[in-house]
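One-based numbering along the sequence shown.
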Amino acid sequence: MSFTYPVTFASGGAQLDRAAHLRTSTRRLLRDASARLLPFWDGRPMIAMGDGWRHLGWVPPLPQTLQMAAEEPIFLGLYEDTPCFAADYSHHDRERLQQKFIAGAKFVDLRQIAGEIPAGDAAVAATAKGVLGWHMTHRFCSVCGAPTEIAEGGWKRICTECGAQHFPRIDPVVIMLVTRGDRVLLGRQDAFPEGLYSLIAGFMEPGEAIEDAVRRETLEEVGIKVGRVRYLACQPWPFPSALMLGCAAEALNDEIAVDTQELEDALWLPKSELPDVLAGKHTRLAAPRVSAIARVLLSAWAAGDIEGF
């Protein structure tokens, strides 16, 4: 059965034509009359807000605007057939910057706004945030330590000394809907808001298959052995640069043994209680945010749209 639920940052991504063949033509594209630029400040995209509406705060890539950026802009691709770019302005005063670009616009945490903007806008902003974040942490060569410079529209950095080429990277993370009959396994980190429980998740390791990572992480964090594993859906998660790989997993035992270095608590939640959790009506538990793939997987399972094992 195919997974058809929309996933924030993934749904709408097809609307962005990444146009890799144009990445060496960014100077020409910046002069296009329809070109637009999305400013970022401290990892936050500019969002234009009105009465009941939200959308990305695009501005024209004017020379004076480009000169203010920390580095040359990143070419995101063609969005709505328009050349689109993003640039970082974190070294400027936030309030003055907002007033300079768009009256009433603000730099907003993408996690807070993702569910309130169009799916295509969310996917574009996630792409921009991920690539800009990579540039901020890769300004020096990992081979020789010399400064690197932007190339190919921001999708590569080249060392100015040894010539080593560096490309944006993502970190694969498995996140699993572990079930046993009509119960689902939930965990809580101490950094979570009060009452929040979510699905078990963890980073993949080199040489590891998705199924093996699901089994290892579940056993390590909560002592639950996993049998069959089925891939469901993925979510780009640019906080800072993860790809969440959502899977359904079959639990083979009941007794939870929490690794307190990883989690504060874990529990089995009966399916009958999940609708109240998702609706915010549960007496003790809170659900993951709407934009998280954990929320999507739990909602699909609650609705009977993810088959058990």
Result block: side-chain N/O donor-acceptor pairs under 3.5 angstrom for residues 24-32, not counting sequence neighbours:
from	atom 1	to	atom 2	distance (Å)
Arg31	NH1	Arg27	O	3.4
Asp32	OD1	Ser34	N	2.8
Asp32	OD1	Ser34	OG	2.7

Sequence neighbours excluded and cut-off under 3.5 Å, please list the side-chain donor-acceptor pairs for residues 201-210, or say none.
from	atom 1	to	atom 2	distance (Å)
Glu208	OE1	Glu205	N	2.9
Glu208	OE1	Arg216	NH2	3.0
Glu208	OE2	Arg216	NE	2.6

**Asked** Going through the distances and angles, do Asp17 and Tyr79 end up as a side chain to side chain contact (heavy atoms under 4.5 Å, CB included)?
**Response** CA-CA 6 Å; Asp17 178 359; Tyr79 181 46; over 6 Å; no
**Request:** Applying side chain to side chain contact (heavy atoms under 4.5 Å, CB included), run through Asn253 and Arg180 and close with a yes or a no.
**Result:** CA-CA 8 Å; Asn253 62 300; Arg180 187 160 171 81; 5.5 Å; no
**Request:** Take Ser299 and Leu278, measure what side chain to side chain contact (heavy atoms under 4.5 Å, CB included) needs, and give me the verdict at the end.
**Result:** CA-CA 7 Å; Ser299 298; Leu278 295 172; 3.9 Å; yes
**Asked** Stepwise, does the salt bridge (Lys or Arg N to Asp or Glu O under 4.0 Å) test hold for Glu71 with Arg157?
**Response** CA-CA 12 Å; Glu71 289 189 298; Arg157 292 190 77 94; 3.0 Å; yes
**Item:** Leu232/Leu297 under side chain to side chain contact (heavy atoms under 4.5 Å, CB included): CA gap, chis, key distance, verdict
**Value:** CA-CA 9 Å; Leu232 296 172; Leu297 297 180; 3.9 Å; yes
**Prompt:** Can you check salt bridge (Lys or Arg N to Asp or Glu O under 4.0 Å) on Glu250 and Arg228, steps first, answer last?
**Reply:** CA-CA 5 Å; Glu250 172 194 33; Arg228 289 171 290 180; 3.1 Å; yes
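Under the 4.5 Å side-chain heavy-atom criterion for grouping Ile, Leu, Val, Met, Phe, Trp and Tyr, Leu38 is connected to Met49 within one hydrophobic cluster. Taken together through direct or relayed side-chain contacts under 4.5 Å among Ile, Leu, Val, Met, Phe, Trp and Tyr, Met176 and Val184 form parts of separate hydrophobic clusters. When hydrophobic clusters are built by joining Ile, Leu, Val, Met, Phe, Trp and Tyr residues whose side-chain heavy atoms come closer than 4.5 Å, directly or via intermediates, Ile117 is grouped together with Phe9. At a threshold of 4.5 Å between side-chain heavy atoms, the hydrophobic network of Ile, Leu, Val, Met, Phe, Trp and Tyr places Phe40 and Phe85 in two separate groups. Cluster membership for Phe3 and Met244, using ILVMFWY side-chain heavy atoms within less than 4.5 angstrom, is shared.
At most 12 heavy atoms of other shown residues, nucleotides or ligands fall within 6.0 angstrom of atom CD in Glu161. Within a 6.0 Å sphere centred on NZ of Lys271, other residues, nucleotides and ligands contribute more than 12 heavy atoms. Heavy atoms from other residues, nucleotides or ligands lying under 6.0 Å from NZ of Lys156 number more than 12. In Gln64, the CD atom is crowded: over 12 heavy atoms of neighbouring residues, nucleotides or ligands sit closer than 6.0 Å.
Contact annotation: the side chain of Val214 approaches that of Thr218 to within less than 4.5 Å [non-hydrogen atoms, C-beta and beyond]. Taking 4.5 Å as the limit, every side-chain heavy atom of Leu177 sits out of range of all side-chain heavy atoms of Cys247. Using a 4.5 Å cut-off on side-chain heavy atoms (C-beta onward), Asp265 and Asp190 make no contact. Leu185 places a side-chain heavy atom less than 4.5 Å from the side chain of Ile256. For the pair Lys129/Leu110, a side-chain contact is recorded, criterion being any heavy-atom separation below 4.5 Å from C-beta on. Side-chain contact check for Val222 versus Leu263: some heavy-atom pair is nearer than 4.5 Å. Under the 4.5 Å side-chain criterion, counting only non-hydrogen atoms from C-beta, Val7 is not in contact with Cys234. Side-chain contact between Leu243 and Val173: absent, with no pair of heavy atoms (C-beta onward) separated by less than 4.5 Å.
In this structure, the ring of Tyr89 has its center less than 6.0 angstrom from the ring center of Phe101.
Across all non-hydrogen atoms, the minimal contact from Arg54 to Pro118 is O-CD, 3.8 Å. Across all their heavy atoms, Gly154 and Val131 have their closest contact at O-CG1, 3.6 Å. Val178 and Ala251 get closest at one heavy-atom pair: CG1-CB, 3.7 Å. Heavy-atom minimum distance, Asp88 versus Asp42: OD1-N, 4.2 Å. Minimum interatomic distance between Met46 and Ala105 (heavy atoms only, all atoms of both residues): CG-CB, 3.8 Å. Residues Ala125 and Leu56 come closest through the heavy atom pair CB-CD2, 4.0 Å.
Of the possible polar contacts, none joining the Trp301 side chain to the Val296 backbone as a donor-acceptor pair under 3.5 Å is found. In this structure, Thr160 contributes its side chain and Pro147 its backbone to a donor-acceptor pair below 3.5 Å. Of the possible donor and acceptor atoms, one in the side chain of Thr148 sits under 3.5 Å from a partner among the backbone N and O of Arg139. Side chain of Asp121 to main chain of His55: no donor-acceptor pair is present (N/O by atom type, distance under 3.5 Å, no hydrogens or angles). Of the possible donor and acceptor atoms, none in the side chain of Arg96 sits under 3.5 Å from a partner among the backbone N and O of Arg94.
Relative to the six-membered ring of Phe239, Arg111 meets both conditions, a distance below 6.0 Å and an angle of at most 45° to the axis.
The distance from atom CE of Met68 to atom CG of Leu62, rounded to the nearest 0.5 Å, is 11.5 Å. Interatomic distance, Trp58 CH2 to Ile102 CD1, rounded to the nearest 0.5 Å: 10.5 Å. Atom CG of Leu269 and atom OG1 of Thr179 lie 12.0 Å apart (nearest 0.5 Å). If you take CH2 on Trp237 and OG on Ser241, they are separated by 13.0 Å, rounding to the nearest 0.5 Å. How far CG of Leu76 is from CZ of Arg23: 9.5 Å, rounded to the nearest 0.5 Å. Note that CG of Leu186 is 7.5 Å distant from CG of Leu285, once rounded to the nearest 0.5 Å.
Using a cutoff of 4.0 Å between basic side-chain nitrogens and carboxylate oxygens, Arg36 and Glu80 are scored as salt-bridged.
Donor-acceptor pairing under 3.5 Å is recorded for the side chains of Tyr5 and Asp305. Side chain to side chain, Ser198 and Arg295 fail the donor-acceptor criterion of an N or O pair below 3.5 Å.
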